[in-house]
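Values below: all heavy atoms of this structure, side chains included; hydrogens, waters and symmetry mates excluded. Please read these numbers as outputs of a predicted model, since none were measured by experiment. Each residue takes its place number in the sequence, starting with 1.
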Amino acid sequence: GRAARPRTPPAEADLVALAAALDGDVRENTFGPYVVVEQVLPLPPRLAWSSLEAGWLAGGHEGGLAEEGLCFFDTETTGLNGGVGNHAFLVALAWRMKSALLMRQYVLPDPSLEAPFLEAVAADIGASGALVSYNGKTFDVPVLEGRLLLARRSPGCLELPHLDLLHPARRLFKARLGPCNLQNVEAMVLGRDRGDDVPGFLIPEMYFSYLRHRDPEVLRDVVAHNRQDVVSLSLLLDHLVLSLREDSNGHPLDRFGAARLLEGVGAHDRAVALYVALWEESDVAWNGEVWPGTWTPSELACVVGLRLAAIHRRRGSTDLGEEVLARLWRRHPRAWEAAIMLAKHLEHRRKDRNAAMEVVTAALAAMDSERYLSVNEERCLKPLHRRYLRLSRKKPARAA
């Protein structure tokens, strides 16, 4: 029945010692003092890109996303799951300047000082034009929204256009990389090695250790980890935008993912340009290559050909679509879907029943010679049989 001992807020010396250990400053707003680490980090030389290209990465955002207003952000929290008790104790915000990155990292010295911490973070986010994160829509933003609501503050500052790079990164790199966590993308795509970086799962315990012992040196590696995450966000955004261009020289699986992304947001001309480039090099540049993951060069060539033929058909370029299908069927004898599409085109567009019958007969004969058919190949067998029966019942074409 004893009353709980009132929690004593940290002394001013604790904030000063923490700021000094992290090369930061103690500042104050209307809610009280907070600790911020501010740095200007140089950016490597890079090619310019348009707001429309960034908008494509955001799922076709109307009007695009202007580079000047982008706020790159990342949080470190007391837990790896959501929930009311999950605190954000470190928030990094960064904005691009001329050939540099202005970064501010807000550190929560103690949960009792969360009000000035949130006020400073919300003010900087609210002054930005859009957010850029990695899995921020699912994790970082809900955590900050919850803390703001519990502090009886409006989370309206977080209702900005949001470019979550996890989703376009998965579209482009998952076929080649598999897991697309930020550290894996950094190493395999950006070529960045973190060295002795602190593992993410240890970060909550390191913060709790700081709260128990008040040793600011414990947070040095956490702040460095958080800083590296945001720098990688900036570099990854540039890489993703350049991967959407026609002259991209990335891995074929990455460029195929970029073409699919562009096709999904309605940038059909650029998607077709990427598909055509992949299609033209598929029969000369990929022979003998072994790729990571479950994709093979032959499988990618088949999928690219089918997508390109479908786009030509939708655009009314039936001759181009037929040419792609015919080449695909000649080069890849297991391209059963190409055989079905080509037979349909010959029968209905060309009115050449004999040619359609030859394609269907050849496909069925090739499938009969196979010892094993996958589930997808079994699905192609039924429409081929139906087409064969229908073509067989039709009257033979009259000789001219």
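- Looking only at distances, a side-chain donor or acceptor of Q105 sits under 3.5 Å from a matching main-chain atom of V223.
- By the 6.0 Å contact criterion, NZ on K344 is open, its count of non-hydrogen atoms from other residues, nucleotides or ligands being 12 or less.
- By the salt bridge (charged side-chain N to carboxylate O under 4.0 Å, His left out) test, E217 is found to be paired with R220, residues two or more places apart in sequence or in another chain being considered.
- Here R314 pairs with E263 under the salt bridge (charged side-chain N to carboxylate O under 4.0 Å, His left out) rule; sequence neighbours left out.
- Aromatic ring pairs are classed by plane angle as parallel below 30°, tilted from 30° to 60° and perpendicular above 60°; the pair F117 and Y106 is perpendicular.
- Cation-pi geometry between R386 and Y388 is not satisfied (NZ or CZ under 6.0 Å from the ring centre, within 45° of the ring normal).
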**Report entry** Working for side-chain contact (heavy atoms from CB on, under 4.5 Å), residues I311 and H268
**Finding:** CA-CA 9 Å; I311 291 175; H268 298 292; 5.8 Å; no
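- Using modelled atom types and a 3.5 Å distance limit, the side chains of H345 and T318 yield no donor-acceptor pair.
- Other residues, nucleotides and ligands contribute more than 12 heavy atoms inside 6.0 Å of the CE atom of M206.
- Within the cation-pi definition used here (under 6.0 Å to the ring centroid, within 45° of the axis), R171 does not qualify as a partner of W56.
- Listed for the S209 side chain is no donor-acceptor partner under 3.5 Å among the backbone atoms of E205.
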**Report entry** Full working for side-chain contact (heavy atoms from CB on, under 4.5 Å) between M357 and S392
**Finding:** CA-CA 8 Å; M357 189 65 169; S392 300; 3.2 Å; yes
Query raised in the report: When you look at L346 and E322, which way does the side-chain contact (heavy atoms from CB on, under 4.5 Å) test go after all the steps?
Result: CA-CA 8 Å; L346 292 172; E322 180 187 352; 3.7 Å; yes
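- The backbone N or O of V198 sits less than 3.5 Å from a side-chain atom of H225, completing a donor-acceptor pair.
- Side-chain atoms of R192 never come within 3.5 Å of backbone atoms of E186 as a donor-acceptor pair (strictly under, hydrogens ignored).
- With hydrogens and angles ignored, the 3.5 Å screen pairs no side-chain donor or acceptor of D229 with any backbone N or O of D74.
- Criterion: ILVMFWY side-chain heavy atoms under 4.5 Å apart, direct or through other members. Under it, L131 and Y134 are not part of a common hydrophobic cluster.
- Aromatic ring pairs are classed by plane angle as parallel below 30°, tilted from 30° to 60° and perpendicular above 60°; the pair W291 and H251 is perpendicular.
- More than 12 heavy atoms of other residues, nucleotides or ligands lie within 6.0 Å of CZ in R153, so this atom counts as buried by the packing criterion.
- Atom CD of E337 has 12 or fewer heavy atoms from other residues, nucleotides or ligands within 6.0 Å.
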Report task. Output, in order, the C-alpha distance, side-chain angles, deciding distance and verdict of side-chain contact (heavy atoms from CB on, under 4.5 Å) for Q39 and D23. Result -> CA-CA 9 Å; Q39 291 178 304; D23 299 323; 5.9 Å; no
List the atom pairs, with distances to 0.1 Å, where a side-chain N or O of residues 42-53 and a protein N or O form a donor-acceptor pair under 3.5 Å, not counting sequence neighbours.
residue	atom	partner	partner atom	Å
R46	NH1	E67	OE2	2.9
R46	NH2	E67	OE2	2.7
W49	NE1	D238	OD1	2.7
S50	OG	E53	N	3.4
E53	OE1	S50	N	3.1
E53	OE1	R245	NH2	3.2
E53	OE2	R245	NE	3.1
E53	OE2	R270	NH1	2.9

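- Put simply, L172 and L177 are part of the same group of oily side chains (I, L, V, M, F, W, Y) that touch within less than 4.5 Å, one to the next.
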